[in-house]
Amino acid sequence: MRTLFRFGAVAALLGAALSTTALAAPPDNTIVVGLSADASTFDPAQISSRDNSNIAKHIFATLFRVTFEGEVEPYLVEDTKVSDDGLAYTFKIKDGLTCDDGEPLTAEDVAYSFNRAADPANAFTGNTPGFVYTTLGFKSAEVVDDLDVKINLSAKTTLALGMMAQVYIHCKDSYEKMTLEEAAANPIGSGSYRLASWDRGSQIVLEKVKDPGTFDTIVWRVIPEASTRTAELIAGNVDIITNVAPDQIEAIDASGTAVVEKVSGTRRMQVGFNLGEGVAGMPGAKEIQDPKVRWALQYAVDVPSICTQLLGTECERMTSLVNPPNGNPDLKPVPYDPDMAEKLLDEAGYPRGENGVRFNIRLQGPRGRYLNDANVVQAIGQYLSDIGVETEVELLEWASVYSPLLRTKEMGPLFFLGQGGVTWNPLYDMSLFSTPDAATNYQSWKDPRWFDDWKLALAADTVEEARPIINRMLKLFYDEGPWLQLYFQPDFYGVSNRIDWTPRRDEEIELFAAALKQ
């Protein structure tokens with residue numbers, strides 16, 4: 001087996017840490033988080049990435065929240081009533097709520113928050129209209145009275161409350177006075193913190209306006225390079241860092257100032273097959289339309305070796321887009337078998353040419369967004385080239401280049417991506433493909449068998465009732481689907497010894513209960 005990419009020496013990292021200007025530790029009323037990517041917007045209906053939403057969740061409140069244990073519980077809501085047909089949810093919100101400009105928050109503001117995101121005139125492409133509403137079958141929101149609001153859906157779903165937990169609530173009067181450009185940079189939230197400053201590409205500062213929240217100030221520093229994040233943590237300049245590179249774990253744990261917290265994450269890592277018009281005519285785009293080719297490529301990538309050598313941990317290859325323990329138990333991980341990959345490509349009608357190449361294709365991926373992503377993407381490109389699929393690897397900046405390509409579905413034809421998941425309902429993980437044209441269906445996969453079954457699964461009263469349908473859908477995804485299956489991303493967080501904070505599995509960085517160690 002080929003040797004994969006090697007990391008730099010831990011000693012070099014320690015040297016970098018020691019050479020970092022040692023600033024005073026953050027004040028006791030301040031917590032500092034080092035992120036790999038900047039926010040791209042603070043318009044509540046346009047936010048789409050996890051880093052962005054981790055900041056936004058401290059600015060905007062939601063009707064419900066998902067707890068550390070994965071339970072959906074009321075947040076702004078005091079009481080819930082569901083119609084007999086499951087198509088209307090009436091919520092009584094708590095009395096006395098306000099936005100951070102002092103404006104009272106009422107049922108009118110909740111209805112406005114839901115309807116504004118769905119307004120086609122705004123052309124929003126964020127998580128709320130692009131994923132939540134597509135999955136929910138959101139139709140409209142209407143005011144019943146001052147504290148009661150009704151949310152109308154087009155179909156019954158067991159996902160309703162969990163999906164609504166992702167819609168950011170904001171006050172109507174304030175937002176009607178702003179243009180969309182102003183709203184993107186000047187959020188007026190309903191949560192515990194307000195945006196004090198945003199130095200793009202450098203840092204975002206939040207100030208507490210109300211409980212919950214232990215710290216008066218949260219500073220989110222944008223530090224794209226993993227080694228720099230580690231050096232800043234060891235030097236005591238930041239309290240928490242994300243995406244710790246595996247080769248830096250030893251240095252952090254030995255520093256005496258911080259430790260690495262390891263979490264089995266729920267983010268699903270894949271190489272997507274872009275089957276849409278956005279890559280039509282590109283080399284490889286026609287070949288991957290064939291499910292036999294997509295299946296052959298599954299055998300070409302040694303996922304366990306990528307995990308041990310590039311991620312610093314052992315992991316089992318995914319069998320579907322659903323997080324354990326909610327997957328189809330009959331599906332087994334595809335083994336690394338390059339000979340089988342070559343055999344299947346021959347059978348599919350793509351033999352090696354005289355130069356050893358079957359066909360050419362481009363693999364795009366972000367640099368610095370996911371755990372050791374650049375090296376992982378290059379390794380995958382080499383694995384595919386080894387079986388005669390000559391792969392050009394292109395690494396792109398996440399916020400300004402890669403994300404726009406995802407939104408317009410012009411990346412690829414192969415593209416490296418991680419998409420967040422949950423453990424509370426398998427249908428959530430599957431809802432990336434709620435419709436052929438869903439914003440999160442980056443692969444433009446349109447197999448009617450999947451979408452016919454999706455309607456049946458959603459109509460079931462419980463997940464247990466839908467289980468036979470779910471298992472059938474996951475088998476189809478396994479056999480012919482639009483992902484080259486990789487792994488559930490392990491998450492490594494660096495945490496300062498001065499902070500008491502426990503990371504979540506779902507990549508949500510929630511700081512309301514974080515505190516100084518006693």
Side-chain angles (χ1 to χ4, degrees), residues 1-8 36-37 224-227 243 245-247 267-276 278-288 293-294 296-311 317-318 336 338 341-342 345 350 352-353 355-406 408-419 442-443 482-487 489:
M1 184 190 68
R2 182 181 70 260
T3 300
L4 299 182
F5 303 91
R6 296 299 182 185
F7 299 120
S36 60
E225 290 297 326
S227 59
N243 292 345
D247 68 320
R267 180 167 293 277
R268 298 152 291 166
M269 306 306 298
Q270 45 142 322
V271 170
F273 298 102
N274 189 342
L275 308 175
V279 295
M282 291 186 182
K286 176 180 70 71
E287 288 83 350
I288 62 172
V293 171
R294 301 200 296 270
L297 297 188
Q298 302 281 357
Y299 285 99
V301 179
D302 187 353
V303 174
S305 288
I306 286 176
C307 289
T308 55
Q309 296 190 40
L310 297 182
L311 306 183
R317 188 173 194 172
M318 296 190 305
Y336 172 54
E342 299 224 34
L345 286 172
Y350 297 101
R352 286 182 182 265
N355 62 353
V357 175
R358 300 173 184 277
F359 58 87
N360 294 78
I361 200 163
R362 182 180 65 183
L363 167 60
Q364 291 181 314
R367 183 191 294 274
R369 172 63 184 87
Y370 307 112
L371 180 63
N372 210 18
D373 48 14
N375 282 338
V376 171
V377 173
Q378 292 179 74
I380 292 169
Q382 187 60 59
Y383 278 125
L384 297 179
S385 294
D386 286 348
I387 62 161
V389 178
E390 190 65 28
T391 303
E392 173 199 358
V393 171
E394 185 177 10
L395 297 170
L396 305 171
E397 194 276 331
W398 170 262
S400 63
V401 182
Y402 200 64
S403 288
L405 287 174
L406 288 172
T408 57
K409 302 184 180 180
E410 295 176 305
M411 63 290 158
L414 301 181
F415 59 97
F416 181 75
L417 186 65
Q419 293 179 272
Y442 298 118
Q443 300 77 3
W483 286 16
L484 195 160
Q485 307 277 4
L486 295 177
Y487 49 85
Q489 178 173 277

I'd like to know if the side chain of [X] reaches the main chain of [Y], judged simply by a donor and an acceptor atom lying under 3.5 Å from each other, with no hydrogens or angles considered.
X: Gln364; Y: Gly412; answer: yes
X: Asn274; Y: Ala285; answer: no
X: Ser403; Y: Trp398; answer: yes
X: Glu342; Y: Pro338; answer: no
X: Gln485; Y: Gln298; answer: no
X: Glu390; Y: Glu392; answer: no
X: Asn360; Y: Pro283; answer: no
X: Arg267; Y: Gln489; answer: no

How long is the straight-line distance from [atom2] of [Y] back to [atom1] of [X], given to the nearest 0.5 Å?
X: Leu406; Y: Leu417; atom1: CG; atom2: CG; result: 5.5 Å
X: Gln382; Y: Leu363; atom1: CD; atom2: CG; result: 12.0 Å
X: Asn372; Y: Gln309; atom1: CG; atom2: CD; result: 11.5 Å
X: Leu275; Y: Tyr442; atom1: CG; atom2: OH; result: 15.5 Å
X: Phe273; Y: Ile361; atom1: CZ; atom2: CD1; result: 7.5 Å

- Query: Is there a side-chain contact (heavy atoms from CB on, under 4.5 Å) between Leu486 and Phe416 once you walk through the steps?
  - Reply: CA-CA 10 Å; Leu486 295 177; Phe416 181 75; 3.6 Å; yes
Please find the pair of heavy atoms, one from [X] and one from [Y], that lie closest to each other, and give the distance.
X: Gly381; Y: Thr391; answer: O-CB, 3.6 Å
X: Asp302; Y: Ser305; answer: OD2-OG, 2.7 Å
X: Ala300; Y: Tyr383; answer: O-CB, 3.4 Å
X: Gly284; Y: Phe359; answer: CA-CD1, 4.1 Å
X: Leu297; Y: Leu484; answer: O-CD1, 3.7 Å
X: Gly365; Y: Val377; answer: CA-CG2, 4.4 Å

- So which pairs with a foot in residues 360-380 pass salt bridge (charged side-chain N to carboxylate O under 4.0 Å, His left out), sequence neighbours left out?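 Residue pairs passing salt bridge (charged side-chain N to carboxylate O under 4.0 Å, His left out), neighbours aside: Arg362-Glu394.
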Determine whether [X] and [Y] make a side-chain contact, defined as any pair of heavy atoms from C-beta on separated by less than 4.5 Å.
X: Val376; Y: Tyr487; value: yes
X: Ile288; Y: Pro482; value: no
X: Gln378; Y: Leu395; value: yes
X: Val271; Y: Leu384; value: no

- Can you name the residues that form a side chain to side chain donor-acceptor pair (under 3.5 Å) with Gln270, not counting sequence neighbours?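 In terms of side chain to side chain donor-acceptor pair (under 3.5 Å), with neighbours along the sequence ignored, Gln270 is linked to Gln419, Gln443, Trp483.
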- Task: Check the surroundings of atom CD in Glu225: do more than 12 heavy atoms from other residues, nucleotides or ligands lie under 6.0 Å from it?
- Result: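 Check fails, neighbour count at 12 or below.
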